[in-house]
Amino acid sequence: MQQKGAIQIIEWEDLDKRKFYSLGVFMTLTTRVTVYPASLIRTRLQVQKGKALYSGTIDAFFKILRAEGVQGLYRGFMVNTFTLVSGQAYITTYELVRKYVSQYSPSNTVKSVVAGGAASLVAQTITVPIDVVSQQLMMQGQGEHLTRFKAKPKMMLTTSKRRLTFGQSREITVQIFAADGFKGFYRGYVASLLTYIPNSALWWPFYHFYAEQLSLLAPSECPHLMLQALAGPMAAATASTITNPMDVVRARVQVEGRSSVIETFKQLLAEEGVWGMSKGLSARIIASMPTSVLIVVGYETLKRLSLRADLIETRHW
C-alpha cells in the first residue's frame with residue numbers, strides 16, 4: 001500500500017483476484033449502460049458536416065429521442081458489450097504495469113502515466129474492431145447518410161414500424177469485410193491509439209493529482225471516496241479537452257472509411273477551422289465525467305471489496 005497525500009492506494013498485490021474479476025464485470029457493464037447514449041451522440045456530432053443535422057448535444061439528444069425512440073440512443077449497444085473483455089484487459093494491464101514500474105520508480109505519477117498508456121494500448125487493440133462495427137450501427141437512423149455502410153430496416157411482424165434488430169450487426173460486419181477485408185476492422189487503429197493512449201496516460205496522473213489536492217483542502221474527516229469521486233470527473237474533463245481534436249479525427253477515419261489520419265486532420269481544419277476540433281467535446285465531457293464518477297466510485301469500491309481478507313482489519317478509510 002502506498003500513499004498519495006492523504007489518499008491511500010490499493011495495489012495489485014493487495015487484492016483477492018477472484019473477487020476483483022467477478023465484481024469487475026458487473027461494474028463495467030453498469031458503466032457502459034449508463035454512458036452509451038452520450039457516446040452515440042458524440043459520434044454523430046463528430047461525423048456530421050458542420051451542424052447539418054444537430055446543433056449540439058442537447059439538440060441531438062431530443063431529436064434522436066423523438067425520431068428513433070429510446071432504442072435509437074442504444075444503437076450498436078449489444079455489439080459494444082463485447083468491450084467488457086477489453087475493460088478487464090485494461091484494468092489488469094494497468095495494475096500489473098504499475099507493479100512492474102514500481103521496481104524502477106517510486107513516483108506515483110510515473111507509474112500512472114506508463115501504466116495508463118500501456119493499458120490503453122492493450123485495450124484498444126481489442127476494442128477497435130468492436131468500435132468500428134458499433135459506430136457504424138450508431139450512425140444508422142438519422143445519421144445513416146454519413147456512413148458508407150447501411151443496414152436494411154426490417155419489418156417486425158407485430159408492428160408496421162421499421163426498426164433495426166440485432167441481425168443488423170452481422171449485416172454491417174459482412175459489408176465491412178466485403179469492402180475492406182480484415183484490415184477494415186482496424187480502420188482508425190492508429191488514430192485510436194493517438195487518442196486513447198494520451199487520454200489514459202493523462203487521466204490517471206491528473207486523477208491522483210486532483211485527489212491529493214482535494215485531500216489537502218478537505219476536512220480530515222471527509223471520506224476519501226468522496227474526494228476520489230470529485231477528482232475523477234475533474235481529470236476526465238482535463239484529459240478530454242486536451243485529446244478531443246484527435247478523437248474527432250478518429251471518428252471521421254472510422255466512420256467515413258478514410259485511410260490517412262494526417263489528410264483527415266488537414267481536411268477537417270480546412271473545412272471547419274480550429275473550432276471543428278472541438279466538435280463533440282461537450283458530449284464527450286458529459287459522457288466522461290459521470291463515467292469517471294462511476295469508474296472511480298465503482299473501481300475504488302471494487303478494490304476495497306476485493307481486498308485480501310488478511311488486510312481488511314489493517315486498512316482505514
Side-chain angles (χ1 to χ4, degrees), residues 25 28-48 53-54 57 60-61 64 68-90 120 122-154 163-193 195-196 199 246-258 279-280 283-284 286-288 291:
V25 171
T28 304
L29 182 59
T30 301
T31 302
R32 299 237 187 276
V33 171
T34 304
V35 306
Y36 191 81
S39 297
L40 180 143
I41 290 170
R42 180 194 74 196
T43 298
R44 290 196 181 183
L45 287 173
Q46 290 177 335
V47 173
Q48 73 172 356
L53 190 56
Y54 309 115
T57 301
F61 175 80
I64 294 170
E68 305 173 51
V70 174
Q71 67 268 28
L73 294 169
Y74 281 90
R75 290 185 184 276
F77 178 74
M78 292 301 294
V79 172
N80 192 261
T81 58
F82 288 107
T83 57
L84 288 174
V85 176
S86 64
Q88 298 307 301
Y90 180 93
S120 188
V122 172
Q124 285 306 304
T125 301
I126 300 170
T127 299
V128 168
I130 301 169
D131 274 349
V132 167
V133 176
S134 66
Q135 284 182 336
Q136 294 295 337
L137 290 168
M138 285 178 180
M139 298 306 296
Q140 303 305 308
Q142 288 181 323
E144 66 178 5
H145 64 286
L146 299 172
T147 177
R148 294 187 302 156
F149 307 110
K150 297 175 177 58
K152 298 176 182 177
K154 296 183 179 179
R163 58 178 65 173
L164 292 173
T165 63
F166 183 71
Q168 307 302 321
S169 303
R170 181 176 61 83
E171 187 177 343
I172 290 292
T173 301
V174 170
Q175 289 182 34
I176 293 172
F177 185 77
D180 302 324
F182 181 75
K183 67 179 182 180
F185 296 103
Y186 273 91
R187 186 175 295 280
Y189 178 62
V190 173
S192 291
L193 294 183
T195 300
Y196 291 114
N199 191 81
M246 200 61 236
D247 193 44
V248 176
V249 173
R250 175 198 59 81
R252 290 284 180 96
V253 168
Q254 290 182 332
V255 175
E256 296 180 354
R258 297 174 181 274
K279 297 185 72 170
R284 192 177 180 206
I286 288 171
S288 66
T291 302

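Residues Q168 and R75 are not in side-chain contact: their nearest non-hydrogen atoms beyond the backbone lie 4.5 Å or more apart. Considering only heavy atoms from C-beta on, M138 stays 4.5 Å or farther from R42 through its side chain. With contacts defined as side-chain heavy-atom distances shorter than 4.5 Å, the pair N199/R284 qualifies. Between I41 and R44 the shortest side-chain heavy-atom distance does not fall below 4.5 Å. In this structure, D247 and Q46 have side chains that are in contact, with non-hydrogen atoms separated by less than 4.5 Å. Between V47 and M139, some side-chain heavy-atom pair lies under the 4.5 Å cut-off.
Using bins of under 30°, 30° to 60° and over 60° for the plane-to-plane angle, the ring pair F182/Y186 lands in the tilted bin.
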**OP:** Give the C-alpha distance, both sets of side-chain angles, the deciding distance and a yes or no for side chain to side chain contact (heavy atoms under 4.5 Å, CB included) between T28 and Q88.
**Re:** CA-CA 8 Å; T28 304; Q88 298 307 301; 3.4 Å; yes
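From Q124, atom CD reaches atom CZ of R250 across 8.0 Å, with rounding to the nearest 0.5 Å. The distance from the CG atom of N80 to the CZ atom of F82 is 10.5 Å, given to the nearest 0.5 Å. Here the CD1-OH distance, from I64 to Y54, works out to 4.0 Å after rounding to the nearest 0.5 Å. Atoms OG1 and CD, from T43 and Q136 in turn, are 10.5 Å apart once rounded to the nearest 0.5 Å. Atom CG of L137 is separated from atom CE of M78 by 11.5 Å, given to the nearest 0.5 angstrom. Going from atom CD of Q175 over to atom CD1 of I172 covers 4.5 Å, rounded to the nearest 0.5 Å.
The minimum heavy-atom distance linking G76 with Y36 is given by the pair C-OH, 3.1 Å. Minimum heavy-atom separation, V122 to A89: CG1-CB, 4.1 Å. Heavy atoms only, all atoms of each residue included: S86 and T83 are closest at OG-O, 2.7 Å.
Under the rule for a side chain to side chain contact (heavy atoms under 4.5 Å, CB included), the partners of V132 that lie at least two apart in sequence or sit in another chain are V128, I176, Q254. With sequence neighbours left out, T173 forms a side chain to side chain contact (heavy atoms under 4.5 Å, CB included) with V133, F185.
Looking only at distances, a side-chain donor or acceptor of T195 sits under 3.5 Å from a matching main-chain atom of M246.
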